[in-house]
Amino acid sequence: MNRILAIAALAAGGYFLKNQMNKSSSSRSSRGSGRLSTATESVEVDVPISTAYNQWTQFEDFPKFKAGVLDVRQLDDRHLHWRARIAGKEEQWDAEITEQVPDRLIAWRSTSGLRNEGRVTFEKLSDSRTRVELRLDYEPRGMVEKVGDALGAVSMRASGNLQRFKTFLEQRGSETGAWRGSISNRPDTMAAPGMR
């Protein structure tokens with residue numbers, strides 16, 4: 001009887017995993033033909049909205065609180081180069097900020113390497129509390145990443161990264177820097193130039 005239950009559980013798990021991998025996305029990107037999966041997570045941080053937003057503009061500080069991120073180099077106001085460890089492998093890619101509105105949102109898309117895009121939004125809950133929501137669309141590659149995607153690994157990592165962002169910022173009490181310029185969603189045009 002135990003053997004039959006074990007086989008049934010394995011079959012059900014295999015069926016669930018297959019369905020998760022088949023439906024793992026609903027959107028497509030202009031690069032490649034693979035489907036993008038989506039992870040959306042949020043956290044409430046006990047700092048004013050401008051403090052949360054300002055810290056998020058400090059991309060080169062991401063390795064301090066984002067698991068797997070090895071290095072982020074800011075090339076200019078709009079372009080970044082990323083190095084990260086994903087599913088045990090080091091990956092590199094370039095990204096372009098497609099929209100940035102102070103105290104509201106930052107959106108991006110990769111332009112080379114690992115396909116991903118997303119946005120982080122900031123919502124004022126009170127004068128000293130902010131909700132930060134991260135949406136990440138990504139293309140899992142290879143069997144390890146696809147299995148991890150089906151099991152929710154990216155959502156768990158995003159949630160953990162947001163919790164570490166919260167801890168990092170609440171313990172500091174202030175941001176490490178700020179950039180208050182805006183970027184329109186038109187490619188390679190700046191709505192307001194600025195220095196980071």
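From a predicted model like this one, the values you see are computed outputs, not experimental measurements.
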Do you know the tightest heavy-atom contact between W93 and S110?
CD1-CB, 3.9 Å
Test Q55 against Y53 for side chain to side chain contact (heavy atoms under 4.5 Å, CB included), laying out the working first.
CA-CA 5 Å; Q55 184 59 56; Y53 172 85; over 6 Å; no
Under 3.5 Å, is there a donor-acceptor pair between the side chain of R172 and the main chain of S174?
yes
Is there a side-chain contact between Q92 and H81 in this structure, where contact means two heavy atoms from C-beta onward sitting under 4.5 Å apart?
yes
What is the minimum heavy-atom distance between T40 and R135, and which atoms define it?
OG1-CG, 3.7 Å
One thing to verify: whether R83 and E90 come together as a salt bridge, which I'm taking to mean a side-chain N less than 4.0 angstrom from a carboxylate O.
yes
Check against side chain to side chain contact (heavy atoms under 4.5 Å, CB included), S182 and Q100
CA-CA 5 Å; S182 296; Q100 189 164 341; 5.8 Å; no
Using only heavy-atom distances, determine whether the side chains of D61 and T176 contain a donor-acceptor pair under 3.5 Å.
yes
For V132 and L162, what are the C-alpha separation, side-chain angles and deciding distance, and is it a side chain to side chain contact (heavy atoms under 4.5 Å, CB included)?
CA-CA 8 Å; V132 179; L162 286 174; 4.1 Å; yes
Check the orientation of F168 and F65. Use parallel for under 30°, tilted for 30 to 60°, and perpendicular for over 60°.
tilted
Has T167 got a side-chain atom pairing as donor or acceptor with Q163's backbone, closer than 3.5 angstrom?
yes
Using a 3.5 Å distance criterion without hydrogens, assess whether the side chain of T57 forms a donor-acceptor pair with backbone atoms of N54.
yes
How about R104: does its CZ atom have over 12 heavy atoms from other parts shown lying under 6.0 Å from it?
no
Could you pull out the closest heavy-atom pair between A67 and N161, with the gap in Å?
N-OD1, 2.7 Å
Do I97 and V101 sit in the same hydrophobic cluster, where Ile, Leu, Val, Met, Phe, Trp and Tyr count as joined when their side-chain heavy atoms come under 4.5 Å apart?
no
Where the side chain of K124 meets the backbone of R129, is there a donor-acceptor pair that is under 3.5 Å apart?
no
Taking the inter-plane angle between the rings of F62 and W56 on a 0 to 90° scale, is it parallel (under 30°), tilted (30 to 60°) or perpendicular (over 60°)?
perpendicular
With a 3.5 Å distance limit and no angle check, can you tell me whether S128 reaches the backbone of D46 through a side-chain donor-acceptor pair?
no
Whether R109 and D137 form a salt bridge (side-chain N of Lys/Arg under 4.0 Å from carboxylate O of Asp/Glu) is what I want to check.
no
Write down the atom of T130, the atom of P48, and the distance for their closest heavy-atom approach.
OG1-C, 3.3 Å
Quick one: do V47 and L105 end up in the same hydrophobic cluster if we chain Ile, Leu, Val, Met, Phe, Trp and Tyr together by side-chain heavy atoms under 4.5 Å apart?
no
Do L136 and V154 have side-chain heavy atoms sitting under 4.5 Å apart?
yes
Can you name the closest pair of heavy atoms from A95 and W82 and give their distance?
CB-NE1, 4.0 Å
Would you please test V72 and F59 for side chain to side chain contact (heavy atoms under 4.5 Å, CB included) and show each step?
CA-CA 6 Å; V72 179; F59 305 109; 3.9 Å; yes
Shortest non-hydrogen separation from E44 to E170 and the atoms involved
O-OE2, 4.3 Å
Does any N or O in the side chain of E96 come within less than 3.5 Å of the main-chain N or O of T98, such that one atom is a donor and the other an acceptor?
no
Is the backbone N or O of L114 less than 3.5 Å from a side-chain atom of N116, with the two atoms forming a donor-acceptor pair by type?
yes
